[in-house]
Amino acid sequence: MNAGRIDIAGLDGGLDLQATIESGQSYLWRRPDGNMYDGDQQRGGDAWYETVVRIDDGEIRLDAGDPVVVRVRQDDGFLRWESTTDAEWIVRSLLRLDDDLPAIRAATPDDELLQRAYDRYWGLRLVADPPFGTLISFICSAQMRVSRIHEMQVALAETFGDTVTAGGRSYPVFPTPEQLAAATESQLRDLGLGYRAPYVQRTAEMVASGDAHPDTARDLPYEDAREDLTQFVGVGEKVADCVLLFALEFLEAVPLDTWIQTTIDEYYPDCDRGNYAETSRAIRERLGGEYAGYAQTYVFHYLRNEE
DNA sequence: TAGATACCTTATAG
DNA sequence: ACTATAAGGTATC
């Protein structure tokens with residue numbers, strides 16, 4: 001295994017690894033100590049987190065390429081990493097370590113709720129996850145608790161994905177589009193996916209056949225990109241916004257979920273315009289525009305943990 | 001085009 | 001013990 005460490009003092013705004021990984025924006029990491037979402041900040045503070053991505057022509061993916069194991073741990077002022085390859089660039093990319101958090105926060109409105117959330121979880125970063133895994137995991141997220149969404153992704157990897165061995169341990173790999181497309185609805189229901197089972201299978205089939213790919217949204221203007229992603233089965237406007245924000249680097253995207261809807265009702269009632277598109281524009285503007293997605297992620301994590 | 005309803009499964013509240 | 005409700009919504013009518 002390769003290994004290295006990144007000096008957190010050298011990052012603009014530092015890092016809160018646990019908040020970043022366990023804030024419900026990524027479901028593609030695992031904690032080998034088995035305590036994801038245990039709500040215990042102390043225990044998670046120096047836990048190892050592991051993921052497997054694929055590297056294809058220098059890009060971090062899950063739909064093609066060679067599997068690479070990546071482990072990270074925040075400890076004593078450093079982000080330590082271990083990997084089957086020289087992975088510092090992968091770690092920097094996945095965890096958006098080059099984002100300038102103070103600059104992003106400076107572009108955020110001086111709003112009491114936003115500042116409280118930023119203060120409480122300062123160092124939380126958005127992620128830049130592989131698009132295919134993000135697409136599937138957020139299709140699974142509909143009407144689901146965060147911990148169960150994560151369990152589903154683990155089950156999908158263990159049931160349909162490859163396995164790689166590193167350092168004497170084996171790691172399940174998130175399934176490729178082909179592997180998921182070959183799954184039957186019944187198999188997926190057996191994993192507890194419920195009505196999401198056919199959505200996952202059919203979307204995987206769309207990607208595997210080449211009929212559509214989440215990456216095509218990357219080159220479109222924000223609202224067109226959101227519309228483009230809704231062509232996938234099981235993907236509405238909210239899930240599309242999640243893929244844009246957590247995988248395709250649209251930092252202005254604000255997924256309108258139940259938590260944000262409650263936030264709008266309580267703190268920004270004038271932003272409720274009665275439909276997704278218009279409410280989205282209004283709350284996006286209220287949260288600072290360009291980095292509204294950052295503010296959304298802080299607020300989501302803050303409200304979910306403090307109330 | 002806007003509004004209502006069904007949908008899998010599990011955990012938690014009452 | 002047992003029922004109602006809600007969980008990072010979407011598809012369909």
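Quick note: numbers below take in every heavy atom, side chains included, and nothing from hydrogens, waters or symmetry partners. Values in this document were obtained by computation on a predicted structure and should not be read as measured data. Naming: A, B, ... by sequence-line order, numbering from 1 per chain.
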(request) List in numerical order all residues of residues 225-235 of chain A for which some heavy atom is under 4.0 Å away from an atom belonging to DNA chain C. (result)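 Correct list: A/F232, A/V233, A/G234, A/V235.
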
(request) Kindly state which residues belonging to residues 268-294 of chain A come within less than 4.0 angstrom of DNA chain C, counting heavy atoms of the residue only, listed by number. (result)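 Of all residues in residues 268-294 of chain A, none places a heavy atom under 4.0 Å from DNA chain C.
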
(request) Would you sketch DNA chain B in dot-bracket for me? Only Watson-Crick or G-U wobble pairs with both distances under 3.5 Å count, crossing pairs as [ ], other-strand pairs as |, the rest as dots. (result) ..|||||.||||||

(request) Indicate yes or no: does A/R54 engage A/D56 in a salt bridge with an N to O separation below 4.0 Å. (result)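 No, no charged N to carboxylate O under 4.0 Å.
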
(request) Salt-bridge test for A/R105 and A/D119: reply yes if a basic N is under 4.0 Å from a carboxylate O, no otherwise. (result)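 Salt bridge between A/R105 and A/D119, a charged N being under 4.0 Å from a carboxylate O: yes.
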
Rounded [atom1] spacing from [N] to [M] in Å:
N      : M      : atom1 : result
C/dT5  : B/dT5  : P     : 15 Å
B/dA11 : C/dT10 : C1'   : 22 Å
C/dG8  : B/dA6  : P     : 23 Å

(message) Categorize A/S23 for me: base, sugar-phosphate, or nothing, with a 4.0 angstrom heavy-atom threshold over every strand shown.
(response)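 Base, at least one base heavy atom under 4.0 Å.
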
(message) Going by salt bridge (Lys or Arg N to Asp or Glu O under 4.0 Å), name the residues that satisfy it together with A/R226, two or more places apart in sequence or in a different chain.
(response)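 Salt bridge (Lys or Arg N to Asp or Glu O under 4.0 Å) check on A/R226 returns A/D241.
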
(request) Applying salt bridge (Lys or Arg N to Asp or Glu O under 4.0 Å), name anything that partners A/D75, two or more places apart in sequence or on another chain. (result)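 A/D75: salt bridge (Lys or Arg N to Asp or Glu O under 4.0 Å) contacts with A/R73, A/R80.
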
(message) Test: side-chain hydrogen bond (donor to acceptor under 3.5 Å, both in side chains). Region: residues 135-158 of chain A. Which pairs qualify, not counting sequence neighbours?
(response)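 Listed once each, the pairs are A/R30-A/E158.
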
(message) As a quick check of understanding, evaluate side chain to side chain contact (heavy atoms under 4.5 Å, CB included) for A/V243 and A/V235, giving each step before the final call.
(response) CA-CA 10 Å; A/V243 176; A/V235 178; 5.8 Å; no

(request) Please step through salt bridge (Lys or Arg N to Asp or Glu O under 4.0 Å) for the pair A/R31 and A/E22, ending with a clear verdict. (result) CA-CA 10 Å; A/R31 257 172 78 171; A/E22 299 193 36; 2.7 Å; yes

(message) My understanding is that only residues two or more places apart in sequence, or in another chain, count here; which of them pass side chain to side chain contact (heavy atoms under 4.5 Å, CB included) with A/N275?
(response)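 Result, side chain to side chain contact (heavy atoms under 4.5 Å, CB included) vs A/N275: A/A277, A/E278.
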
How close or far is atom [atom2] of [N] from atom [atom1] of [X], stated in whole angstroms?
X      : N     : atom1 : atom2 : result
A/I260 : C/dA7 : CD1   : P     : 13 Å
A/F138 : C/dG8 : CZ    : C1'   : 7 Å
A/K238 : C/dA7 : NZ    : P     : 12 Å
A/W259 : C/dG8 : CH2   : P     : 7 Å
A/L135 : C/dG9 : CG    : P     : 16 Å

(request) Could you tell me which residues satisfy ring-ring contact (aromatic ring centres under 6.0 Å, His included) with A/F174, sequence neighbours excluded, listed by chain and number? (result)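 ring-ring contact (aromatic ring centres under 6.0 Å, His included) list for A/F174, sorted by chain: empty.
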
(request) Any chance you could lay out the side-chain hydrogen bond (donor to acceptor under 3.5 Å, both in side chains) test for A/Y294 and A/D99, step after step, and finish with the verdict? (result) CA-CA 11 Å; A/Y294 245 106; A/D99 280 354; 2.8 Å; yes

(message) Can you list everything that forms a side-chain hydrogen bond (donor to acceptor under 3.5 Å, both in side chains) with A/D76? Sequence neighbours excluded, please.
(response)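 A/D76 satisfies side-chain hydrogen bond (donor to acceptor under 3.5 Å, both in side chains) with no residue once adjacent residues are dropped.
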
(request) Establish whether A/V146 and A/L191 are linked, either directly or via other cluster members, by ILVMFWY side-chain heavy-atom contacts under 4.5 Å. (result)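 Yes, it is one cluster - the side chains of A/V146 and A/L191 are joined through contacts under 4.5 Å.
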
(message) I'd like to compare against my own output: the B/S/- annotation of nucleotides 4-14 of chain B with a strict under-4.0 Å heavy-atom distance to protein.
(response) ---BBBBB---

(message) Can you pull out every ring-ring contact (aromatic ring centres under 6.0 Å, His included) where at least one residue sits in residues 199-240 of chain A? Sequence neighbours excluded, please.
(response)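 Applying ring-ring contact (aromatic ring centres under 6.0 Å, His included) to every pair that reaches into residues 199-240 of chain A, excluding sequence neighbours, yields nothing.
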
Without placing hydrogens or testing angles, list every side-chain donor-acceptor pair under 3.5 Å for residues 285-293 of chain A, not counting sequence neighbours.
unit_1: A/R286; atom_1: NH1; unit_2: A/D270; atom_2: OD1; d: 3.4
unit_1: A/R286; atom_1: NH2; unit_2: A/D270; atom_2: OD2; d: 2.5

